[in-house]
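Beneath this line is the structure, given in structure tokens, with notes to follow.
The sequence lines fix the lettering, A, B, ..., with proteins before strands; numbering per chain opens at 1.
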Amino acid sequence: MNYWLMKSEPDVFSIDDLARKQISPWDGVRNYQARNYMRDSMRIGDGVLFYHSSCAEPGVVGIARIASAARPDPSQFDPRSEYHDAKATPEQPRWCLVDVAFVRKLRGVIRLERIKQEPALARMPLVQRGSRLSITPVTAAEWNHLLSLEPSP
DNA sequence: GCCAACGTTGGC
DNA sequence: GCCAACGTTGGC
């Protein structure tokens, strides 16, 4: 089983939105490396750290799991979508998505600021200079360490 | 709003 | 294939 960190702007799609829907397609990924992770490496059941970006309190806010294999992202074919890609066709799709299922919210935000203080997490792409990738792999050790930072109930 | 870093595009 | 210009990301 693999682990992932997936970024979302809470104004667009938050952990509460996922909690409400329980399962949701993770659409709009338009970066080849992120796409390749979804297409080539994700498996149903993989763990996901749900990260809020571009907001007042950037950080990990919840846990989800991968709930489907990759399939074409329909928004690439829709001219009215902000994710439309004129070079993609149903015969030759360029972008894919996976379904993500809600597991739980954390008891508090594990803030980026906090994550940066942890030597054990220093190799996460998240804390590396200039890294902007919205989907990144997480090691089992990083997963466990990060979740150990969750406040006690 | 600023800006550093990175990815993509397209002319040559 | 190079690389300048441009667009995007995302923390601050």
Side-chain angles (χ1 to χ4, degrees), chain A residues 2-21 24-42 46-66 70-100 102-139 141-151:
Chain A
N2 295 318
Y3 299 100
W4 306 94
L5 182 140
M6 298 174 79
K7 296 181 187 174
S8 182
E9 300 184 20
D11 291 348
V12 178
F13 189 76
S14 70
I15 188 70
D16 289 325
D17 292 326
L18 184 60
R20 206 170 301 119
K21 293 184 66 176
S24 173
W26 197 272
D27 65 356
V29 172
R30 295 294 180 269
N31 170 282
Y32 289 105
Q33 201 176 341
R35 178 204 67 180
N36 293 346
Y37 282 138
M38 289 196 286
R39 190 188 61 189
D40 305 334
S41 305
M42 281 187 178
D46 283 358
V48 175
L49 298 172
F50 195 115
Y51 179 90
H52 280 175
S53 66
S54 293
C55 58
E57 206 174 16
V60 175
V61 293
I63 298 174
R65 67 180 165 78
I66 301 301
R71 63 175 183 280
D73 178 347
S75 67
Q76 68 193 304
F77 311 127
D78 179 0
R80 289 158 305 179
S81 168
E82 60 173 317
Y83 302 127
H84 179 239
D85 183 340
K87 292 179 182 164
T89 65
E91 294 71 33
Q92 287 216 308
R94 179 179 295 202
W95 306 109
C96 64
L97 56 72
V98 295
D99 287 332
V100 171
F102 180 75
V103 175
R104 69 180 180 90
K105 283 179 76 169
L106 300 186
R107 288 183 288 270
V109 180
I110 302 179
R111 302 182 57 160
L112 177 60
E113 195 176 53
R114 179 84 178 84
I115 294 169
K116 284 179 171 172
Q117 292 170 1
E118 294 296 312
L121 303 178
R123 301 185 67 166
M124 293 183 75
L126 182 69
V127 298
Q128 274 154 35
R129 210 163 87 100
S131 173
R132 298 170 311 169
L133 201 55
S134 65
I135 298 176
T136 52
V138 174
T139 67
E142 288 163 348
W143 173 276
N144 291 329
H145 190 93
L146 199 137
L147 292 179
S148 78
L149 304 177
E150 185 181 11

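- Contacts of N2(A) classified as side chain to side chain donor-acceptor pair (under 3.5 Å), with partners at least two apart in sequence or in another chain: none.
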Under 3.5 Å donor-acceptor pairs involving side-chain atoms of residues 124-136 of chain A, not counting sequence neighbours:
unit_1: Q128(A); atom_1: NE2; unit_2: A122(A); atom_2: O; d: 3.3
unit_1: Q128(A); atom_1: NE2; unit_2: R123(A); atom_2: O; d: 2.9
unit_1: S131(A); atom_1: OG; unit_2: P125(A); atom_2: O; d: 3.1

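- The shortest distance between the side-chain N/O atoms of K7(A) and the OP1/OP2 oxygens of dT9(C) is not below 4.0 Å.
- Rounded to an integer number of Å, the gap from Y51(A) OH to dG10(C) P is 8 Å.
- For the side chain to side chain donor-acceptor pair (under 3.5 Å) test, residues two or more places apart in sequence or in another chain that qualify with D46(A) are W4(A).
- Interface residues of residues 81-95 of chain A facing DNA chain C, ordered by number: none; criterion, heavy-atom separation under 4.0 Å.
- Residues forming a side chain to side chain contact (heavy atoms under 4.5 Å, CB included) with D78(A) (at least two apart in sequence, or on another chain): R80(A), S81(A).
- In this structure, V103(A) and R65(A) have side chains that are in contact, with non-hydrogen atoms separated by less than 4.5 Å.
- In this structure, the side chain to side chain contact (heavy atoms under 4.5 Å, CB included) partners of P74(A), at least two apart in sequence or on a different chain, are L97(A).
- Residues I110(A) and L146(A) have side chains in contact (heavy-atom distance under 4.5 Å, counting atoms from C-beta outward).
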Watson-Crick or G-U pairs under 3.5 Å in DNA chain B, rendered as dot-bracket with [ ] for crossing pairs and | for another strand: ||||||||||||
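- Under the salt bridge (charged side-chain N to carboxylate O under 4.0 Å, His left out) criterion, the residue pairs touching residues 82-92 of chain A are D85(A)-R94(A), with sequence neighbours excluded.
- Between V61(A) and L106(A), the closest side-chain pair of non-hydrogen atoms is not below 4.5 Å.
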Go through the steps to decide whether F77(A) and W95(A) satisfy the test ring pair (Phe, Tyr, Trp, His ring centres under 6.0 Å), and finish with yes or no. CA-CA 10 Å; F77(A) 311 127; W95(A) 306 109; over 10 Å; no
For a quick test of your reading: what N or O donor-acceptor pairs under 3.5 Å do the side chains of residues 10-20 of chain A make, sequence neighbours left out?
unit_1: S14(A); atom_1: OG; unit_2: D16(A); atom_2: N; d: 3.2
unit_1: S14(A); atom_1: OG; unit_2: D17(A); atom_2: N; d: 3.1
unit_1: S14(A); atom_1: OG; unit_2: D17(A); atom_2: OD2; d: 3.3
unit_1: D16(A); atom_1: OD1; unit_2: K105(A); atom_2: NZ; d: 2.8
unit_1: D17(A); atom_1: OD1; unit_2: R20(A); atom_2: NH1; d: 2.8
unit_1: D17(A); atom_1: OD2; unit_2: S14(A); atom_2: N; d: 2.8

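- Residue pairs meeting the salt bridge (charged side-chain N to carboxylate O under 4.0 Å, His left out) criterion with at least one member in residues 49-61 of chain A, sequence neighbours excluded, are E57(A)-R111(A).
- Salt bridge status for R30(A) with D73(A): present, with a side-chain N to carboxylate O gap under 4.0 Å.
- Annotation: proximity of residues 109-128 of chain A to DNA chain C (heavy atom, distance under 4.0 Å) is found for L112(A), K116(A), numbered in ascending order.
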What nitrogen or oxygen pairs link the protein and nucleotides 5-8 of chain C at under 3.5 Å?
unit_1: dT8(C); atom_1: O2; unit_2: R132(A); atom_2: NH1; d: 2.7

